Undergrad: 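Can you read through this structure? Questions will come right after.
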Amino acid sequence: MMSLEAVVRRLELEELYTDYVHCVDADELERWPDFFTEDCFYRITSAENYEAGMPLGLIHATSRNMLKDRVSALREANIYEPQRYRHLVSSIKLMKEEGATLDVAANFLVVRTMQEGDMTLFAAGRYLDQVRRDSGTWKFAHKTVVLDSRQIDTLLAIPI
């Protein structure tokens, strides 16, 4: 039986993941870096590279400021066809707990809708995260997005 503390923590993690994907899906990307600690690590990579222990990443950031720069580039410099994401996140699982730091894994699917209405299954994979309490709320200290497919669309502009 789960303790009340474990139930509350589970609900807080569910809220973190829900708020995270709603932020991205609603194109509120200026808020996206706020889900991370100041010294965060963020990477999108393929399952093949992850399993081989290769540090390669399609997107790689080592601080919240780098994430803010990415949002600025998306808004001001990059040119890409308007698109929307819709995330489905499931199977959030606490893998390990060390003090105020939790290792968490979750599965995701992302459907992308292009400007003309074409929809595709854009990405499937898992989040391998380390979350930490920061000013009373859970934040991502380390987020590795592991894509199941090696075939990654070159339109990977918006964070997953």
Side-chain angles (χ1 to χ4, degrees), residues 1-72 74-75 83-113 121-149 152 156-160:
M1 183 172 233
M2 291 178 75
S3 68
L4 180 57
E5 180 180 303
V7 171
V8 169
R9 183 181 55 232
R10 175 132 183 100
L11 290 172
E12 289 172 342
L13 291 173
E14 180 80 29
E15 182 176 37
L16 172 66
Y17 281 85
T18 299
D19 291 347
Y20 176 87
V21 298
H22 277 265
C23 171
V24 174
D25 291 349
D27 194 32
E28 297 172 355
L29 299 181
E30 287 72 17
R31 289 189 324 109
W32 174 64
D34 297 337
F35 288 92
F36 294 85
T37 60
E38 200 63 48
D39 61 342
C40 69
F41 175 87
Y42 177 82
R43 176 175 69 142
I44 299 177
T45 191
S46 68
E48 183 177 56
N49 285 344
Y50 179 80
E51 289 161 4
M54 298 178 76
L56 302 173
L58 298 160
I59 296 177
H60 184 94
T62 57
S63 71
R64 186 186 299 163
N65 285 335
M66 287 181 77
L67 299 178
K68 289 178 182 178
D69 287 345
R70 176 146 187 90
V71 172
S72 293
L74 284 169
R75 297 294 195 216
Q83 55 192 281
R84 293 182 184 271
Y85 284 178
R86 190 66 58 215
H87 285 74
L88 301 172
V89 177
S90 68
S91 305
I92 299 170
K93 183 168 180 63
L94 177 59
M95 306 301 284
K96 182 173 141 188
E97 181 175 0
E98 270 186 38
T101 302
L102 308 174
D103 288 350
V104 182
N107 298 327
F108 70 85
L109 290 174
V110 180
V111 176
R112 182 179 65 190
T113 305
L121 176 57
F122 180 65
R126 58 191 171 135
Y127 293 129
L128 299 174
D129 300 328
Q130 191 173 76
V131 298
R132 185 168 55 220
R133 282 244 184 236
D134 186 308
S135 302
T137 61
W138 293 106
K139 295 196 182 233
F140 295 107
H142 192 286
K143 179 175 263 308
T144 299
V145 180
V146 180
L147 302 172
D148 288 339
S149 177
I152 295 149
L156 180 58
I158 302 169
I160 297 179

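Any value given below was found using the heavy atoms of this structure, including those in side chains, with hydrogens, waters and symmetry copies removed. Given the structure is predicted, the values throughout are model-derived calculations rather than measurements.
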Undergrad: Would Arg132 and Asp39 count as a salt bridge (charged side-chain N to carboxylate O under 4.0 Å, His left out) if you check the C-alpha gap in whole Å, the side-chain angles of each, and the deciding distance to 0.1 Å?
TA: CA-CA 11 Å; Arg132 185 168 55 220; Asp39 61 342; 3.0 Å; yes
Undergrad: Apply the test side chain to side chain contact (heavy atoms under 4.5 Å, CB included) to residues Phe36 and Lys139: give CA-CA distance (whole Å), side-chain angles for both, the deciding distance (0.1 Å), then the verdict.
TA: CA-CA 5 Å; Phe36 294 85; Lys139 295 196 182 233; 5.8 Å; no
Undergrad: Counting neighbours of CD on Glu15 that are heavy atoms of other residues, nucleotides or ligands and sit closer than 6.0 Å, is the number greater than 12?
TA: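 Not buried by this count: 12 neighbours or fewer within 6.0 Å.
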Undergrad: Looking only at atom types and distance, does a side-chain atom of Arg10 sit under 3.5 Å from a main-chain N or O of Ile92, one as donor and one as acceptor?
TA: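 Such a contact is found between Arg10 side chain and Ile92 backbone.
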Undergrad: Indicate yes or no: at least one non-hydrogen side-chain atom of Asn65 is less than 4.5 angstrom from one of Glu38.
TA: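 Yes, side chains in contact.
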Undergrad: For Trp138 and Arg133, run side chain to side chain contact (heavy atoms under 4.5 Å, CB included): C-alpha distance rounded to whole Å, both residues' side-chain angles, the deciding distance at 0.1 Å, then the answer.
TA: CA-CA 5 Å; Trp138 293 106; Arg133 282 244 184 236; 3.3 Å; yes
Undergrad: As a quick check of understanding, evaluate side chain to side chain contact (heavy atoms under 4.5 Å, CB included) for His87 and Tyr17, giving each step before the final call.
TA: CA-CA 10 Å; His87 285 74; Tyr17 281 85; over 6 Å; no
Undergrad: Assess whether atom CZ of Arg9 is packed by more than 12 heavy atoms of other residues, nucleotides or ligands within 6.0 Å.
TA: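 It does: Arg9 CZ has more than 12 such atoms within range.
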Undergrad: How about Phe108 and Leu147: do any of their side-chain heavy atoms sit closer than 4.5 Å?
TA: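 Yes - at least one pair of side-chain heavy atoms lies under 4.5 Å apart.
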Undergrad: If only atom types and distance count, is the side chain of Tyr127 paired as donor or acceptor with the main-chain N or O of Ile160 below 3.5 Å?
TA: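 Checked: pair present.
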Undergrad: Report yes if some heavy atom in the side chain of Thr113 is under 4.5 Å from a heavy atom in the side chain of Arg86; otherwise report no.
TA: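 Result no, sub-4.5 Å side-chain heavy-atom pair not found.
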Undergrad: Rounded to the nearest 0.5 Å, what's the gap from CD on Glu48 to OG on Ser149? Could you check?
TA: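 Reported value, rounded in 0.5 Å steps: 10.0 Å.
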Undergrad: Centres of the Tyr20 and Phe140 rings: under 6.0 Å?
TA: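 Ring centroids of Tyr20 and Phe140 are less than 6.0 Å from each other.
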